[in-house]
Q: 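Structure incoming, see below.
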Amino acid sequence: MLGPTHAAALVNSTPSSSLTQNTDAGSFARFTIGTPMTPSVTVIIVAYNAQDTLARAIRSALSEPETAEVIVVDDASRDKTSAVAKDEGQRDPRVRVIQFDKNQGPGAARNRAIEAASSDFVAVLDSDDLFLPGRLGRLLCADRGEMVADNIAFVAPENLNEVLHQKWSANRPTFAPLSATEFVLGNLRKTGVARGELGFMKPIMSRAFLNHHNLHYDPSLRLGEDYDLYVRMLLAGARLTLTRSPGYAAVVRQTSLSAQHGAQELAHLSAKLNSHLEMGTHPPDLARAMQAHLDEVRRKRDHRMFLDLRRAQGSLAAIRYLFADRDRLWPIAHQIARDKLKLSAMAGEAAPKQGIRLLLPMDHA
């Protein structure tokens, strides 16, 4: 179950502390992944009431030879999450535990872990998910990129053994660059297709690049915090490299936080997407893609607001909101019809009958 015995790190062997001080135009070549070295990845796990799944997530990260450390941030859990994390730390000294007294959300918790990290690269792992065997070694084989990502297998809990033992690829994975425009377009809904947003990806990220550009997760976001950081990295010049070979298993649960967002979270996300558009002058194709994504999120926000108003204040209040803006009527009516006909494809929806759904189609080439 262990991956390749080699690890990979920066092409230049200069310590990462000095990398952040180099501001010349060619300095980003130093952040390139691809040279075998010692374990060089800090795995970050933010946990909230995750006592039942946390140990499995930690152990999947520790089984990777490239894992230098696992930092668990307990975001003020009310169960035995911290006890589980500390017990894993007793088993393996690579596990470090940070406890919050007050719940601060995934963005703030991940920022704290990145600040505490000592490795060249960071990789986020959700507390109810796991790495597929050999994942980090495969990603670190990429030729270049400040972000290197792989495919995600969405799996029902009862099918975890199947996804772990699946022979996804017998060969070295192929990698391809993904532009900012392609990434943004990969987050738009496609008719008749289960929602497969590229923002769900969990890439390995260069800590030197993040530090150099003073990039952090936005702690105010409880939805889309990953997408927001990835876009800002791309706008800052990061190279995103992607393989369609699966390496991350996301366990599907109806109670997951991604399935519980409301109008407020969508409003915060739409404001953030609008700020992306205002970050300088973008190429026309990228600007169009960003505007299309913003429009889509705004429609979701309006639909959610309509439903929340109807539930809290009654149909009359919801109808007033519906007709207060002429641009709301058709999108909201359209979404209500889709819901009635069960055509909507929600994030985290159940995996197909065989128990596994991939974020992206496999590239058999």
Side-chain angles (χ1 to χ4, degrees), residues 8-11 19 26-35 40-44 66 107 110 114 119-125 131 135-152 172-188 196-218 221 224-248 250 272-273 276-277 279-280 282-283 285-290 292-293 358-363 365:
L10 304 179
V11 166
L19 285 170
S27 64
F28 299 138
R30 300 185 181 202
F31 307 154
T32 298
I33 294 171
T35 302
S40 56
V41 180
T42 294
V43 179
I44 294 169
E66 297 77 17
R110 288 174 183 169
I114 292 173
S119 304
D120 297 320
F121 306 105
V122 292
V124 171
L125 173 61
F131 290 164
R135 183 200 187 215
L136 296 184
R138 288 191 295 270
L139 288 181
L140 290 168
C141 285
D143 291 333
R144 62 180 57 196
E146 287 71 51
M147 289 188 284
V148 180
D150 50 12
N151 211 343
I152 296 179
R172 176 172 170 160
T174 57
F175 293 89
L178 196 71
S179 69
T181 300
E182 291 169 325
F183 175 74
V184 174
L185 289 174
N187 288 271
L188 298 178
E197 296 182 352
L198 294 184
F200 292 160
M201 296 188 307
K202 295 291 191 292
I204 290 179
M205 296 179 286
S206 164
R207 193 166 64 89
F209 186 90
L210 292 171
N211 290 339
H212 182 86
H213 291 279
N214 195 27
L215 291 169
H216 310 279
Y217 285 94
D218 186 335
L221 292 176
E225 68 279 354
D226 295 306
Y227 173 86
D228 166 58
L229 179 62
Y230 302 160
V231 167
R232 287 186 287 119
M233 289 182 71
L234 289 166
L235 293 179
R239 296 163 296 181
L240 172 57
T241 305
L242 173 68
T243 175
R244 291 174 180 262
S245 176
Y248 188 101
K272 196 66 181 182
L273 298 186
H276 295 166
L277 275 167
M279 292 174 64
H282 306 300
D285 58 342
L286 176 57
R288 286 191 296 268
M290 294 168 74
H293 191 207
L358 296 181
L359 175 68
L360 298 166
M362 285 283 288
D363 181 2

Q: Taking atom types as modelled and ignoring hydrogens, do the side chains of Asn214 and His216 form a donor-acceptor contact shorter than 3.5 angstrom?
A: yes

Q: Run Met201 and Phe183 through side chain to side chain contact (heavy atoms under 4.5 Å, CB included) and show every step you take.
A: CA-CA 11 Å; Met201 296 188 307; Phe183 175 74; 3.8 Å; yes

Q: Should Leu240 and Leu234 be marked as a side chain to side chain contact (heavy atoms under 4.5 Å, CB included) after you check the CA-CA gap, both sets of side-chain angles, and the distance that decides it?
A: CA-CA 7 Å; Leu240 172 57; Leu234 289 166; 3.8 Å; yes

Q: I need the Leu277 CG to Met290 CE distance, nearest 0.5 Å.
A: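 Those atoms lie 4.5 Å apart.
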
Q: Counting C-beta onward and ignoring hydrogens, is there a side-chain heavy-atom pair between Phe121 and Thr42 closer than 4.5 Å?
A: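 Side chain of Phe121 against side chain of Thr42, heavy atoms only: no contact under 4.5 Å found.
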
Q: Side-chain contact test, heavy atoms from C-beta onward, threshold under 4.5 Å: evaluate it for Val122 versus Leu210 and give yes or no.
A: yes

Q: Just verifying a value: how many Å separate Arg239 CZ and Ser179 OG, rounded to the nearest 0.5 Å?
A: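 Reported value, rounded in 0.5 Å steps: 14.5 Å.
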
Q: For the pair Arg207 and Asp120, find out whether any cationic side-chain nitrogen is under 4.0 Å from an anionic carboxylate oxygen.
A: no

Q: Quick one: are Tyr217 and Ile114 in side-chain contact, heavy atoms under 4.5 Å?
A: yes

Q: Which atom names give the shortest non-hydrogen contact between Leu139 and Val148, and what distance separates them?
A: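 For Leu139 versus Val148, the nearest heavy atoms are O-CG1, 3.5 Å.
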
Q: Atom CG of Leu242 and atom CG of Asp150: how far apart are they, to the nearest 0.5 Å?
A: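 Spacing of CG (Leu242) from CG (Asp150) equals 8.0 Å.
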
Q: Contact between Glu197 and Leu188 at the side-chain level, heavy atoms closer than 4.5 Å - yes or no?
A: no

Q: Within the distance-only criterion (no hydrogens, no angle test), does the side chain of Thr241 pair as donor or acceptor with the backbone N or O of Arg144 below 3.5 angstrom?
A: yes

Q: Which distance, rounded to the nearest 0.5 Å, do you find between the CG of Leu359 and the CZ of Phe200?
A: 8.0 Å

Q: I need the Leu360 CG to Arg244 CZ distance, nearest 0.5 Å.
A: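 Answer for the CG-CZ pair, Leu360 versus Arg244, is 5.0 Å.
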
Q: Please enumerate all residues that pass ring-ring contact (aromatic ring centres under 6.0 Å, His included) together with His293, with sequence neighbours excluded.
A: Tyr227

Q: If we ignore hydrogens and angles and just use 3.5 Å, is the side chain of His282 paired with the main-chain N or O of Arg288 as donor and acceptor?
A: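 Not a single qualifying donor-acceptor pair exists.
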
Q: Go through the structure and list residues passing salt bridge (charged side-chain N to carboxylate O under 4.0 Å, His left out) with Glu225, not counting sequence neighbours.
A: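 Residues passing salt bridge (charged side-chain N to carboxylate O under 4.0 Å, His left out) with Glu225: Arg110.
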
Q: Which is it for His276 and Asp228 under the side chain to side chain contact (heavy atoms under 4.5 Å, CB included) test, yes or no, and what are the steps along the way?
A: CA-CA 8 Å; His276 295 166; Asp228 166 58; 2.7 Å; yes

Q: Keeping the roles fixed (side chain from Asn151, backbone from Ser245), state whether a donor-acceptor pair exists under 3.5 Å.
A: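 Side chain of Asn151 to backbone of Ser245, a donor-acceptor pair under 3.5 Å: no, none is there.
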
Q: Take Phe131 and Val43, measure what side chain to side chain contact (heavy atoms under 4.5 Å, CB included) needs, and give me the verdict at the end.
A: CA-CA 10 Å; Phe131 290 164; Val43 179; 3.8 Å; yes

Q: Return the minimal non-hydrogen interatomic distance between Ala238 and Met147, and the atom names on each side.
A: CB-CE, 4.3 Å

Q: Would you mind telling me which of Met205, His212, His213 makes a side chain to side chain contact (heavy atoms under 4.5 Å, CB included) with Phe209?
A: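 For Phe209, the side chain to side chain contact (heavy atoms under 4.5 Å, CB included) check succeeds only for His213.
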
Q: So which heavy atom on Cys141 is nearest to which on Phe175, and how close?
A: C-CE1, 4.3 Å

Q: Can you check whether Leu136 reaches Ile204 side chain to side chain, under 4.5 Å on heavy atoms?
A: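 Side chain of Leu136 against side chain of Ile204, heavy atoms only: contact under 4.5 Å found.
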
Q: Tell me the closest heavy-atom pair linking Thr243 and Pro173, and the distance in Å.
A: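 Here Thr243 and Pro173 meet closest at OG1-CB, 3.4 Å.
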
Q: For the residue pair Lys202 and Arg135, what are the closest heavy atoms and their distance?
A: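 What the structure gives for the nearest pair is O-NH2, 2.5 Å.
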
Q: Taking Asp218 first and then Lys272, would you say they form a salt bridge - that is, a charged N and a carboxylate O separated by under 4.0 Å?
A: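 Salt bridge between Asp218 and Lys272, a charged N being under 4.0 Å from a carboxylate O: yes.
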
Q: Does some side-chain heavy atom of Leu286 sit less than 4.5 Å from a side-chain heavy atom of Val184?
A: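 The answer is yes, as the side chains (C-beta and beyond) meet within the 4.5 Å cut-off.
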
Q: Please enumerate all residues that pass side chain to side chain contact (heavy atoms under 4.5 Å, CB included) together with Pro177, with sequence neighbours excluded.
A: none

Q: Taking all atoms of both residues into account, what is the closest heavy-atom pair of Ala123 and Val41, and its distance?
A: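 The answer is CB-CG1, 3.9 Å.
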
